[in-house]
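We name chains A, B, ... by the order of the sequence lines, and we start the count at 1 in each one. Please read all numbers here as calculations on a predicted model, not as lab measurements.
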Amino acid sequence: MPSEISVRITGEAGQGTQTIGDALSHIFKSAGYHLFAYQDFMSRIRGGNNFFEIRVATKPVHAPRRKPDIIICLDKSSVDIHKKDLAIDGILIVDQTKFRLPGLEESMYDVAFNEIALRVANDALYVNSIACGLIAGLAGLDFAFVEQGIQAVFDRKSKDIIQNNLNSARAGFDLGLKNPRKKMFLLPVISKDRLTDKAGEILLDGSSAIALGAVHAGCKFYTAYPMSPSTNIMNIVAEHAAREHIIVEQAEDEIAAINMAIGASFAGSRAMTSTSGGGFCLMTEGLSLAGMTETPIVMVDAQRPGPATGFPTRTEQADLDFVLSAGHGEFARVVYAPGSAKQAYDLTMKAFNIAEKYQIPVIILTDQHLQDSATDAQAPDQDNTAAERFIISKEESAGITSYKRYALTDSGISPRAIPSWIQDVMYVDSDEHDEAGHITEDAEMRKQMVQKRLYKKLHGLLQELEQPTSFNTKDARVILLGFGSTLGILQEAALALEKSKVGFVHLPQVWPFPSEEMLKLLSGARMIISIENNAQGQLARLLRRETGIKVGKSILKYDGRPFDIDSVIEIIKRELEL
Amino acid sequence: MPSEISVRITGEAGQGTQTIGDALSHIFKSAGYHLFAYQDFMSRIRGGNNFFEIRVATKPVHAPRRKPDIIICLDKSSVDIHKKDLAIDGILIVDQTKFRLPGLEESMYDVAFNEIALRVANDALYVNSIACGLIAGLAGLDFAFVEQGIQAVFDRKSKDIIQNNLNSARAGFDLGLKNPRKKMFLLPVISKDRLTDKAGEILLDGSSAIALGAVHAGCKFYTAYPMSPSTNIMNIVAEHAAREHIIVEQAEDEIAAINMAIGASFAGSRAMTSTSGGGFCLMTEGLSLAGMTETPIVMVDAQRPGPATGFPTRTEQADLDFVLSAGHGEFARVVYAPGSAKQAYDLTMKAFNIAEKYQIPVIILTDQHLQDSATDAQAPDQDNTAAERFIISKEESAGITSYKRYALTDSGISPRAIPSWIQDVMYVDSDEHDEAGHITEDAEMRKQMVQKRLYKKLHGLLQELEQPTSFNTKDARVILLGFGSTLGILQEAALALEKSKVGFVHLPQVWPFPSEEMLKLLSGARMIISIENNAQGQLARLLRRETGIKVGKSILKYDGRPFDIDSVIEIIKRELEL
Amino acid sequence: MEMNDFKSSDPMAWCPRCGNYGILNSLKGALVKLGKHPKDILLVSGIGQAAKMPHYVKANCFNGLHGRALPAAFGAKTANNDLTVIVTTGDGDCYGEGGNHLIHNIRRNPDITVIVSDNQIYGLTKGQASPTTDECTVTKIQTAGVILEHLSPLVLALSAGAGFVARGFAQETDHLSDLILSGINYKGFALIDVLQPCVTFNKKNTYEWYSRRVYKLDSSYTSNDLGIAFQKSLEWGDRIPIGILYSVSKTTYDQKTCPTS
Amino acid sequence: MEMNDFKSSDPMAWCPRCGNYGILNSLKGALVKLGKHPKDILLVSGIGQAAKMPHYVKANCFNGLHGRALPAAFGAKTANNDLTVIVTTGDGDCYGEGGNHLIHNIRRNPDITVIVSDNQIYGLTKGQASPTTDECTVTKIQTAGVILEHLSPLVLALSAGAGFVARGFAQETDHLSDLILSGINYKGFALIDVLQPCVTFNKKNTYEWYSRRVYKLDSSYTSNDLGIAFQKSLEWGDRIPIGILYSVSKTTYDQKTCPTS
Ligand SMILES: Cc1ncc(C[n+]2csc(CCOP(=O)(O)OP(=O)(O)O)c2C)c(N)n1
Ligand SMILES: Cc1ncc(C[n+]2csc(CCOP(=O)(O)OP(=O)(O)O)c2C)c(N)n1
Ligand code: SF4
Ligand code: SF4
Ligand SMILES: [Mg+2]
Ligand SMILES: [Mg+2]
């Protein structure tokens, strides 16, 4: 009995691979399994080939496998594209009654989806629910969980539709139970205890995590220009807009977005914007403006492969260098690179607090893979995460009759007032300015202002580092190194090779760089391997620049696809001659 | 008798400090001296305080001094601002008859400019020429050189005006000769030989150098949006536009500028655009487009202090990091950082050739100080600098009936055809594409295209590095390190401290980084000091990232002013306990 | 030249029944009538569904950045006047991200033709409002309905001084083909806004919706009067005019000179 | 409130006789009449000579990026409705670099007033053509004269749907002051384009040049008719109308809703 299975559902854009995926995720989550689900899709609305892959396991899982055990092909052309990816002993589920493809090997399991759908629910659309039921049957689940999952996903549909879906799922389920090879995929039953424990768990994907983080952090002004893979964050914030009194405004371009957000923040709202690399380019001047005017702002760069339009719906981690130095001139910034949906939520909350405390721009560097991947996670507890405002309160403001926006202080942070709250006026300027915010050309004032915006704030920020996550680094033979969405890969690879003295270090914050901690963690390493979704080993370069430590090897992937854990382990083993 | 003097002319914006400066430059150049002239001005059109400073010497000079020997104050308020800067034994030239400032020390030389101008030429405007004559007299020049200089500057004016200027200059000149302290400023007479040798010399400033470089390189499409300190390049190119058939188009914004230039380059013209940091931000997406579409393009970032609007008319070198990684995604680029006007000319020429040969964006990183500084330089010899076009010629094109824009080759460079010249059509795309330029989502093709655009081109570019300039590096006790406009400072400091075993290394190309050469040059150094016009020591960081070498100290200046050679030498001496 | 001469081998990525198919055919039809060799034609686009069009025509293609087709087209046309330059763009591409370039390239008046697939929605990014989306349309982002006034591209173009302004409908392919040909033959900047049903994301402005409203300007329409053009261009709602709303001759960018003083 | 209540201590960096002094005084005059406390007023600007204006008024100031005053102003107004938001900008700032934001913020219709110091030139960067520079003006860059058609900001604003469009003249300070006050009192996006002599770089459109041409719209003018407004706004040359060219009531951004279906 395997402790995990991976299932891929593939078909054309518009065929509903994602709906099936969502339903399956809910079904397996109800049954108490851990799961990791991710998406691979093309930049088109109909046709082409997309897939959704879900890995279900009895212990937590965080990354894709190389070869799925089960592949369901919803259209004919999927078969050719995907059959080479099937695991040994895996099965390819195909509606041969419909496709009539010649020469398919025995790995194939013929399911007459179309006929069954028409028979059970009188509509070919129900193929999707048959597929869900089928997988659940193959995995040996209790049908009650299938019911729960279907109910959750079709929540807002009519009774009839739900019933049709349930009937279809049942039909698929029975087929799954009947499959002679089903033993290969039967998952161990989950204990009652775990089922009770998991009450507080939800399915969380990167986009939802960041959106919820923003909402819970008290973001009241959200503006962006649509751009994959960042758009979903705005969609989800928009769902909360009315209830939480958030202004959600679609900008005419990314330049408008960041400048609107800065204006809103200046006037008193917590403000955020999101985009991907190309849009981030257009925001860099605004980023620099936030630095100069010391206006707090939270930005998301959800990376996709570049340059230019690149692969709009795929993944990469190649904007690291860029976001570290984006915008002209020098000023303090923070760059977080969450490694999981949960971390994305936490760091989004933190981003708002740090941005406001230090009056700086904070960038959340994520990527398509993290945005579109879902796992089971502890539901965020909003009550625990009260947002602290680092501004002069309304009450206190009422008594202020003389105010300098850029008063020089030891910390570099000037008490921040909101216009109209205080009795005085305030001047904010993008030119170099004096303490009162008026334009100056004075050399000495300039020096002090640079020191304020750069050194002094950095000094404070170093006290609030989000420290690297690490595992098995002591006496390690190899330490794997990464940032952002590769956390799952690092975790699973190190765990799998724990006995061979493989450890990992993952950075959820890449700037300011946690140099001290990195020196501590890495100085004993015999070899460091950076694992990065880019072509230059950008993290490895940054590490060397900041600490002098040189990695021994970089495992780089830049084909727009995420790493899979099997390939990574294989490469490491080869490297270690294991 | 001093071997050099420094003269500062200061007054309000609009009072003509620059005109006097230009005339003085011409006068001293005619007389065969070497000179270095730079400007310090405010971001306003009238009022405030500006100055022009000229250093005249018998040997080549390349950098400002700390304290000028002579300061001419054209308005009252200049006196207070500048008198503290005067060299010991220097003189402050003031029109006390007009200003009547109390308590001026004996360092003052009262010249009744206004009265004299009215008397000699019946117009207060002629104060400027009196000042020119005065300086020439103090320096003991032959009046013939003054005549030459005045003629050169007022070239296009009426005979009367020229005569008035000459008369005014004469009056000033006589006063200079009469000054009892003139011995302090008398310069050695220049030999006849030198006067003949210098026939091929011109006064060259950074802006003219880049503009001429572009014109001579065959730039046929120049577009920009005005932005200090880059605007002068466009002004000068515009002067040549009609004769050289260059399209000079002012863009509606910087985004338009870069995209226009890319379009023009794609269609067959050598194209260029220029801006400063804020505008460069807006060009970063286009930069990435040039990388993706493999369209040659030359960009200038004339740095000024940031962030945001910063100091619009001052100098800084803080965009280094930014331009190295600007634009999302990964692709090859070249970044030149000329150290002198002559180098700026040469590298602009080279920029066009390299951009076209490798089909990449090439960035010229300069700054206000270099743009607005003039020195005597060998006139560029256009005949020696024929521009080679790296495209399929018109003749050859006529026979091409089947063409793939992105054909995969060993060098990463696909033969480049011009649309309409060949018989086939061509596809160029900002999405990831196949060899034919059509959009692809294929993982394998993606990998090859990244390798083409990044690794393969970088490999070729490493063979064409503009190698560092160095001096006295063998057995050096200290090696001074810099890039861009600080070349003069490095040269003069190392020369002055040559005996104390001080050498320098200057990088005219910062990317691809000349790692091998740097390791060779720097590995023997006991100490490295980077000298940079920024607050983070960005070059030092880059050096460490690329070579592992850590500098011992960084001398950083970020108040918007250039280094002066005296202060730098002082700091180095202190460091060496000399 | 025949339709086949402009056939591209690139497989199409549009949804079945997308309005862009009609526009593509009209464009090809116009190119056939134009009679130029594909090598002398350049299609420039930004990013979006409409912006994929150049790949589906055998002609030179420069598919640049979202919103930036016009500056690239201007650069290409100015650098190489042998090229007949046509821009295929979307309402988001041209009026949203690229709005500033539209205004200022109209002022430059290069000899290029701009065909906007105006589906009143952002298609490629899955259905957000575009500048031309009708008020109160509900989307995932505009959850309470669009509250911005929808832009009239034709009026905007006229206000910036465009010399050729037309509207077509993706379903009226012959009519549209003629418009496109007129646009190409017009010397100067020609804007053709095309009503383009997006069957996937725009459930309001459907083939049917447009069909019920559009009417063709007939020969009685005076197309060289700016006042009339403004008025006609403002017409939107129950009746939507298609055809050439304005056409006057203007000196193109490459021909313009000032008297030397 | 008196003029003194709005007096800033920041020294002015404009040239003597710059048209901006008149605009500044008119603005202050309007603020006095408005009667609000300086702390409740926010001036937002981009970069340029005109954009320095907020420093010369005692009121809150957000002096942002070149071309980006409008998005910052929109953000500030939406986040803090207590603020009376006024944008002071230039022709380059607002119609050049910032053109796209003008169109789309008109569509949003936030309750802000935009005063454009339109000197038909780029002042701060030393005299290049702006979108409103008259044809054939010679500059250092446009060495053969400007060949782009000059933009009519008023027509552009009308075409984007602006509800309040006016033109003032920097020398007619009382008239201008009234315009500004009307703009501020208008609920929604109000554009006031002000003819502003630049004595240093614009040697054509001088005080005299404007004086000879401008005339005030009188009470006989119908300011709520879009057709008339278009026509009047197109008037330029020998006679240039100043006053409120168009004013109709529209729902502002914060008030707009769609019927829930
Ligand atoms: C700088 C930038 N911002 C955003 C995007 C994402 N994007 C691609 S197409 C598009 C909208 C396209 O809308 P439209 O032009 O109307 O084209 P359609 O798909 O409707 O034909 C957007 C926002 C991008 N590619 N680049
Ligand atoms: C991104 C960017 N591009 C260019 C500039 C340079 N710049 C500053 S002001 C200005 C033009 C200002 O013209 P206008 O708005 O008409 O103002 P004026 O000075 O005439 O009042 C320009 C191009 C800048 N600051 N930022
Ligand atoms: S989403 Fe709309 S515009 Fe895009 S291809 Fe489909 S139907 Fe056409
Ligand atoms: S340059 Fe022109 S706009 Fe600027 S301050 Fe001087 S007169 Fe005014
Ligand atoms: Mg669209
Ligand atoms: Mg102006």
Side-chain angles (χ1 to χ4, degrees), chain A residues 42-43 48 255 276-282 284-285 287-289 291-293 303 305-312 314 316 318-319 321-322 324-331 429-432 439 441 443-444 446-447 450-451 453-455 534-536 541-542 544-545 548 550 558-561, chain B residues 42-43 48 255 276-278 280-282 284-285 287-289 291-293 303 305-312 314 316 318-319 321-322 324-331 429-432 439 441 443-444 446-447 450-451 453-455 534-536 541-542 544-546 548 550 558-561:
Chain A
M42 291 180 133
S43 177
I255 305 171
S276 185
F280 194 84
C281 282
L282 297 169
T284 53
E285 196 194 10
L287 171 62
S288 179
L289 177 67
M292 185 54 139
T293 56
Q303 298 163 97
T309 311
F311 273 159
R314 303 195 178 275
E316 195 163 87
D319 293 352
D321 263 5
F322 181 33
L324 291 182
S325 61
H328 57 301
E330 298 170 292
F331 52 93
D429 208 290
S430 71
D431 290 86
E432 192 53 272
I439 300 175
E441 300 237 16
E444 191 45 43
R446 161 79 183 170
K447 258 170 75 177
V450 173
Q451 286 162 1
R453 292 187 297 256
L454 186 66
Y455 305 143
N534 62 52
Q536 294 181 103
R541 289 206 303 211
L542 179 64
R544 192 176 193 202
R545 186 183 95 175
K550 202 174 163 180
Y558 45 85
D559 62 0
R561 277 69 179 176
Chain B
M42 293 182 131
S43 178
I255 304 171
S276 185
F280 193 85
C281 284
L282 297 169
T284 53
E285 196 193 10
L287 171 63
S288 178
L289 176 68
M292 184 54 138
T293 56
Q303 298 164 96
T309 311
F311 272 158
R314 301 195 178 276
E316 195 162 86
D319 293 352
D321 263 5
F322 181 35
L324 291 181
S325 60
H328 57 300
E330 296 170 293
F331 52 93
D429 209 289
S430 71
D431 290 86
E432 192 53 271
I439 300 175
E441 300 236 16
E444 190 46 42
R446 162 79 184 170
K447 255 171 78 176
V450 173
Q451 285 162 2
R453 291 187 296 256
L454 186 66
Y455 305 144
N534 62 52
Q536 295 181 101
R541 288 205 304 210
L542 179 64
R544 193 178 192 198
R545 186 183 95 175
E546 297 300 317
K550 202 175 164 180
Y558 45 84
D559 61 0
R561 277 71 179 175

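- Of all the listed residues (B:G48, B:S43, B:A308), the one sharing the greatest number of non-hydrogen pairs under 4.5 Å with chain A is B:A308.
- For B:E546, the parts lying near chain A are the backbone and the side chain together; criterion is any non-hydrogen pair under 4.5 Å.
- In this structure, chain B has heavy atoms under 4.5 Å from both the backbone and the side chain of A:D431.
- Ranking A:E444, A:K550, A:Q536 against chain B, the residue ahead of the rest is A:Q536, based on heavy-atom pairs under 4.5 Å.
- By the 30° and 60° cut-offs, the orientation of the rings of B:Y455 relative to A:Y558 is perpendicular.
- Heavy atoms of B:F280 lying under 4.5 Å from chain A are absent altogether.
- If you measure heavy-atom distances from A:R541 to chain B, the contacts under 4.5 Å come from both the backbone and the side chain.
- Looking at A:I439, neither its backbone nor its side chain comes within 4.5 Å of chain B, counting heavy atoms on both sides.
- When heavy atoms are compared at a cutoff of 4.5 Å, A:K447 approaches chain B by way of both its backbone and its side chain.
- For A:E316, the part lying under 4.5 angstrom from a heavy atom of chain B is the side chain only.
- Among A:G548, A:G291, A:G327, A:A326, the residue with the largest count of heavy-atom pairs under 4.5 Å with chain B is A:G327.
- In this structure, no portion of A:T293 lies under 4.5 Å from any heavy atom of chain B.
- Residue A:L282 touches chain B through both its backbone and its side chain, counting heavy-atom pairs closer than 4.5 Å.
- Here the side chains of A:E432 and B:P305 are not in contact, with every heavy-atom distance at 4.5 Å or above.
- In this structure, the side chains of A:R446 and B:R561 stay at 4.5 Å or more apart for every pair of heavy atoms.
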| query | What's the verdict on side-chain contact (heavy atoms from CB on, under 4.5 Å) for A:L324 and B:D321, showing C-alpha distance, side-chain angles and the deciding distance? | reply | CA-CA 9 Å; A:L324 291 182; B:D321 263 5; over 6 Å; no
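- Per-residue heavy-atom pair counts under 4.5 Å with chain B were compared for A:L287, A:L289, A:N534, and the maximum is reached by A:N534.
- Atoms OG1 and NE2, from B:T309 and A:H328 in turn, are 7.0 Å apart once rounded to the nearest 0.5 Å.
- With hydrogens and angles disregarded, a donor-acceptor distance shorter than 3.5 Å links the side chain of B:E330 to the backbone of A:A535.
- When the candidates B:S430, B:G277, B:A318, B:G560 are compared by the number of heavy-atom contacts under 4.5 Å with chain A, B:S430 comes out ahead.
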